Amino acid sequence: MAYIFEEPSHTFDEYLLVPGYTGPDCIPANVSLQTPVVRYNKKAGEKCPLTMNIPMTSAVMQAVSDDKLAVALAKEGGISFIFGSQTIENQAAMVARVKDYKAGFVTSDTNIRPEQTLGELVEAINATGHSTVAVTEDGEPNGKLVGIITERDFRVGHCEMSEKVSKYMTPLSSLVMAKEGITLDEANDLIWEHKVNQLPVVDNKGNLLYMVFRKDAASHEEHPLELLDSKKRYIVGAGINTRDYMDRVPALLKAGVDVMTLDSSEGFTEWQRRALQDIHGKWPNAKVGAGNVVDADGFNFLADAGADFVKIGIGGGSICITREQKGIGRGQATATIEVAKARDAYYEKTGIYIPICSDGGIVHDHHITLALAMGADFVMLGRYFARFDESPTNKLIVNGNYVKEYWGEGSNRARNWQRYDLGGKKGMAFEEGVDSYVPYAGSLHDNVNLTTSKVIHAMCNCGAVTIPELQKIAKITRISSASIREGGAHDVIVKNSIKAN
């Protein structure tokens, strides 16, 4: 007969953290939310090749993760996984836009020659949106620098568009410049010291290497946890499938993607094993997560197949109806606890630490802290990020309230969006997701800061200043339905719930 779990599966809502001793050094300023993203040999003292500064990723969904949200989340220290239910070319272009966006040292792509006209310059500015243009001898990105020109150096409508760029540019002799090898902090200090808006960085032959901008320095001060690669570009992820990965992966790698994940409602499959082995066989340095699974067997299968991280969760998402449609899934808290135990056992056996991601089932901010305490290294969120300005969906007014559209990848809308073929035999597909709205919540920056503040303060209540420490010392209790009711405002009339006459 079928194997039957004796213990029912539970959700995060059925648990609370019990406070631990908070020592004098356990204050919010000392808490680090840094967490590993991909596998590494922890016992051998190897450093994880990719970490996040906050334990939050955005879901592989059309309604959530595009290049705009990826930039916004990377600024806060997390990673967005750009949705894969689109053409290879479109997804790769989104990844490339994130990598090219900016982050300290910027490689110019709109350089111009001094003998070119203002008209040509205006065309370049309009095409790229970059208002500051380096002038090089040959017009190449790494050509010999001869000047800088911005849209403030001339007036459209007052200057002849046939005039030469050289007449209006700031010449090399008047520029403040830096030499190759300067650090970003040193470059920013020069910008402020000389009161300039941009700083060219050149090699010992005078060839342009990068530009550093004042506005980027201000952005960094506002986003101290921004997640950057070795070239000071934003970190970005992407979702892939088990059908066209041999074509999709090289395009994403060429675009600069840092990490990918196989995106499926169920990852304990031969198709994911083959994809992981094919990808790592052809591109051994590619980082690829897999999932989703809900038990130890699923984790061990993907770990042995080479998954760089494993996603947990089936049917727990707010727009997911997999459990309704197929009767498949498990409570997210129970699944996270079991997979975390399997991850720890795998580490003890092999020395390899494989991070796990709790994907779905997060309704309240404190559920993130619970997921981390139960063993997750980071969480993946869909509904949470869909509410923000930076998500790719429309902001509407419904019943007098601002909302944003939000739909599941298993919905008919996802299958019809951009007419991209998600696979499956015609006429046999059925929905595993719904089309819905979520309350509009404003900017990602403000909301993520509030959420991480709650996580940090809860960790202090538990006596932990790091996520591994939280997982080691946290005390968690099951609660009753009466306890859940007691946890909110009760037996009072909340003032803002009283309507004025």
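Keep in mind the model is a prediction, meaning the values are calculated, not measured.
Side chains of L121 and E151 form no contact here, defined as non-hydrogen atoms less than 4.5 Å apart. The shortest distance between side-chain heavy atoms of V165 and P114 does not fall below 4.5 Å. In this structure, F154 and E163 have side chains that are not in contact, with every pair of non-hydrogen atoms separated by 4.5 Å or more. Taking the side chain as every heavy atom from C-beta outward, L175 and T170 approach each other to under 4.5 Å. No side-chain heavy atom of V438 sits less than 4.5 Å from a side-chain heavy atom of F388. At least one side-chain heavy atom of M56 sits under 4.5 Å from a side-chain heavy atom of T452. For the pair F81/M61, no side-chain contact is recorded, criterion being any heavy-atom separation below 4.5 Å from C-beta on.
Residues D278 and R274 are not paired through a salt bridge, judged by the lack of any N-O separation under 4.0 Å between the basic side chain and the carboxylate.
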With side-chain contact (heavy atoms from CB on, under 4.5 Å) as the test, would you mind laying out the steps for L33 and I456 before giving the verdict?
CA-CA 8 Å; L33 294 180; I456 287 168; 3.9 Å; yes
Could you walk me through whether K395 and D389 satisfy the salt bridge (Lys or Arg N to Asp or Glu O under 4.0 Å) test, starting with their C-alpha distance in whole Å, then the side-chain angles of each, then the deciding distance to 0.1 Å, before giving a yes or no?
CA-CA 8 Å; K395 177 182 171 184; D389 289 318; 5.0 Å; no
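Closest approach of G313 and N292 over heavy atoms only: O-ND2, 2.8 Å. Counting all heavy atoms, side chain and backbone alike, A376 lies closest to S358 at CB-CB, 4.0 Å. Across all non-hydrogen atoms, the minimal contact from R383 to I362 is NH2-O, 3.6 Å.
Exactly one residue among V363, V448, L444 makes a side chain to side chain contact (heavy atoms under 4.5 Å, CB included) with Y384. That residue is V448.
Note: H367 and F12 have tilted aromatic rings, judged against thresholds of 30 and 60 degrees for the angle between ring planes.
For the pair Q471 (side chain) and L372 (backbone), a donor-acceptor distance under 3.5 Å is present.
Checking S391 against K404 by side-chain atom types alone, a donor-acceptor pair falls below 3.5 Å.
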